[in-house]
Amino acid sequence: MLKIFLSLLALASFLGAEAITVPTMNFNLSSPDTPEQLVSSLNVLVVLTLLFLAPSMVLVMTTFTRFVIVFGFLRQALGTQQVPPTQLLVMLAMILTFFVMEPVGTKAYEQGVKPYIEEKIGYEEAFDKTTLPFKNFMIRNTREKDLALFFRIREMQNPQSVADVPLSVVIPAFIISELKTAFEIGFLLFLPFLVIDMVVASILMSMGMMMLPPVMISLPFKILVFVLIDGWNLLIGNLIASIK
């Protein structure tokens, strides 16, 4: 295979040596000579910054936090140690996040990114129109108490509309709201499995089998119950339904 590739490469170089041009890249740092060069450099800087911050923005501006924490609580409640694996749970949370946030992302693209690419609007207007759908989504899923907390910390007046709420207030309020919601769901997940553990432990104690770990007996029953009620379907359906 390597010989075939090298032969084809050599043949191509002989047949079109003059027609083929290899692009070059220049990484030298120099001051811009024209305003267009400055704008182009700033665009590259903005894109690289967004790519660097993209994973963090996924965590703080979407439902990823809720999904991944609930899945972690579920695994602990079942007592299955590393099953499902952490990578699988994270990927499942990511896929569900994309599924839930797709309408929001599409709306943000149509309103802000696409007109900016077509040079119909400027930086500031594109930023406002792009972040507005995400801001509306976050505010719908944020408790008023959490928003009021950060407004009170910043000593700001109550907003009159969604546009008056800055992202610096919406994002932290949304995060703590998602954390509280995820912990509430996790608590409800623990209850039925905790009952199973208590029943198994009581039966073992009454039989005098105190040296036998209750987890070894309760684990198959917890998995059986979770499978019989179609737990994944029920859990994911209710998780998505809880998102406004």
Side-chain angles (χ1 to χ4, degrees), residues 53-102 104 134 137-147 149-150 170-244:
L53 295 177
S56 300
M57 301 307 291
V58 169
L59 293 176
V60 300
M61 296 180 63
T62 64
T63 58
F64 178 80
T65 302
R66 182 184 306 190
F67 288 136
V68 75
I69 291 178
V70 170
F71 292 155
F73 275 124
L74 174 64
R75 188 171 65 181
Q76 292 183 9
L78 286 172
T80 54
Q81 301 300 325
Q82 296 299 319
V83 180
T86 301
Q87 295 85 350
L88 178 60
L89 293 180
V90 172
M91 287 304 301
L92 178 59
M94 187 71 70
I95 292 172
L96 292 175
T97 300
F98 288 150
F99 175 79
V100 172
M101 300 300 297
E102 182 182 6
V104 180
F134 288 95
F137 173 82
M138 288 188 289
I139 290 178
R140 288 198 306 268
N141 292 275
T142 303
R143 295 176 174 83
E144 294 183 4
K145 182 179 180 180
D146 296 329
L147 278 175
L149 171 64
F150 290 96
V170 176
I171 292 178
F174 175 73
I175 293 174
I176 63 175
S177 293
E178 287 293 288
L179 288 174
K180 182 177 181 180
T181 302
F183 274 73
E184 290 175 348
I185 298 174
F187 171 76
L188 296 176
L189 281 175
F190 259 98
L191 288 180
F193 300 114
L194 181 61
V195 171
I196 295 176
D197 286 332
M198 294 176 62
V199 171
V200 172
S202 299
I203 294 175
L204 292 177
M205 288 285 291
S206 63
M207 296 175 62
M209 305 174 65
M210 292 178 291
M211 300 301 294
L212 181 63
V215 177
M216 295 182 59
I217 307 301
S218 63
L219 178 59
F221 288 100
K222 289 191 289 186
I223 296 176
L224 178 62
V225 170
F226 189 73
V227 172
L228 289 178
I229 65 173
D230 199 2
W232 287 109
N233 185 289
L234 187 63
L235 175 62
I236 293 176
N238 283 278
L239 273 176
I240 295 178
S242 66
I243 299 170
K244 301 178 183 178

Please tabulate, one pair per line, all N/O donor-acceptor pairs under 3.5 Å involving side-chain atoms of residues 219-231, not counting sequence neighbours.
unit_1, atom_1, unit_2, atom_2, d
Lys222, NZ, Ala77, O, 3.1
Lys222, NZ, Leu78, O, 3.2
Lys222, NZ, Asp197, OD1, 3.4
Lys222, NZ, Asp197, OD2, 3.4

Between [X] and [Y], what is the shortest heavy-atom contact and its length?
{"X": "Glu178", "Y": "Thr63", "value": "OE1-CA, 4.0 Å"}
{"X": "Ala93", "Y": "Thr97", "value": "O-OG1, 2.6 Å"}
{"X": "Met61", "Y": "Phe134", "value": "CE-CB, 3.8 Å"}
{"X": "Ala182", "Y": "Ile69", "value": "CB-CG2, 3.6 Å"}

**Report entry** Derivation and outcome, side-chain contact (heavy atoms from CB on, under 4.5 Å), residues Ile243 and Phe137
**Finding:** CA-CA 9 Å; Ile243 299 170; Phe137 173 82; 3.6 Å; yes

Do [X] and [Y] have side chains that approach each other closer than 4.5 Å (heavy atoms only, starting at C-beta)?
{"X": "Met101", "Y": "Phe64", "value": "no"}
{"X": "Phe67", "Y": "Met94", "value": "no"}
{"X": "Leu235", "Y": "Phe71", "value": "yes"}
{"X": "Ile185", "Y": "Leu239", "value": "yes"}
{"X": "Lys180", "Y": "Asp146", "value": "no"}
{"X": "Trp232", "Y": "Leu74", "value": "yes"}

Query raised in the report: How long is the span from the CG atom in Leu96 to the CZ atom in Arg66, to the nearest 0.5 Å?
Result: 12.0 Å

Query raised in the report: So how far is it from Ile171 CD1 to Ile176 CD1, rounded to the nearest 0.5 Å?
Result: 13.0 Å

Report task. State which residues pass side-chain contact (heavy atoms from CB on, under 4.5 Å) with Ile95; sequence neighbours excluded, sorted by chain then number. Result -> none

Query raised in the report: Quick check, are the ring centers of Phe73 and Phe187 under 6.0 angstrom apart?
Result: no

Query raised in the report: Taking only residues at least two apart or on different chains, which pairs with a member in residues 182-193 satisfy salt bridge (Lys or Arg N to Asp or Glu O under 4.0 Å)?
Result: Arg143-Glu184

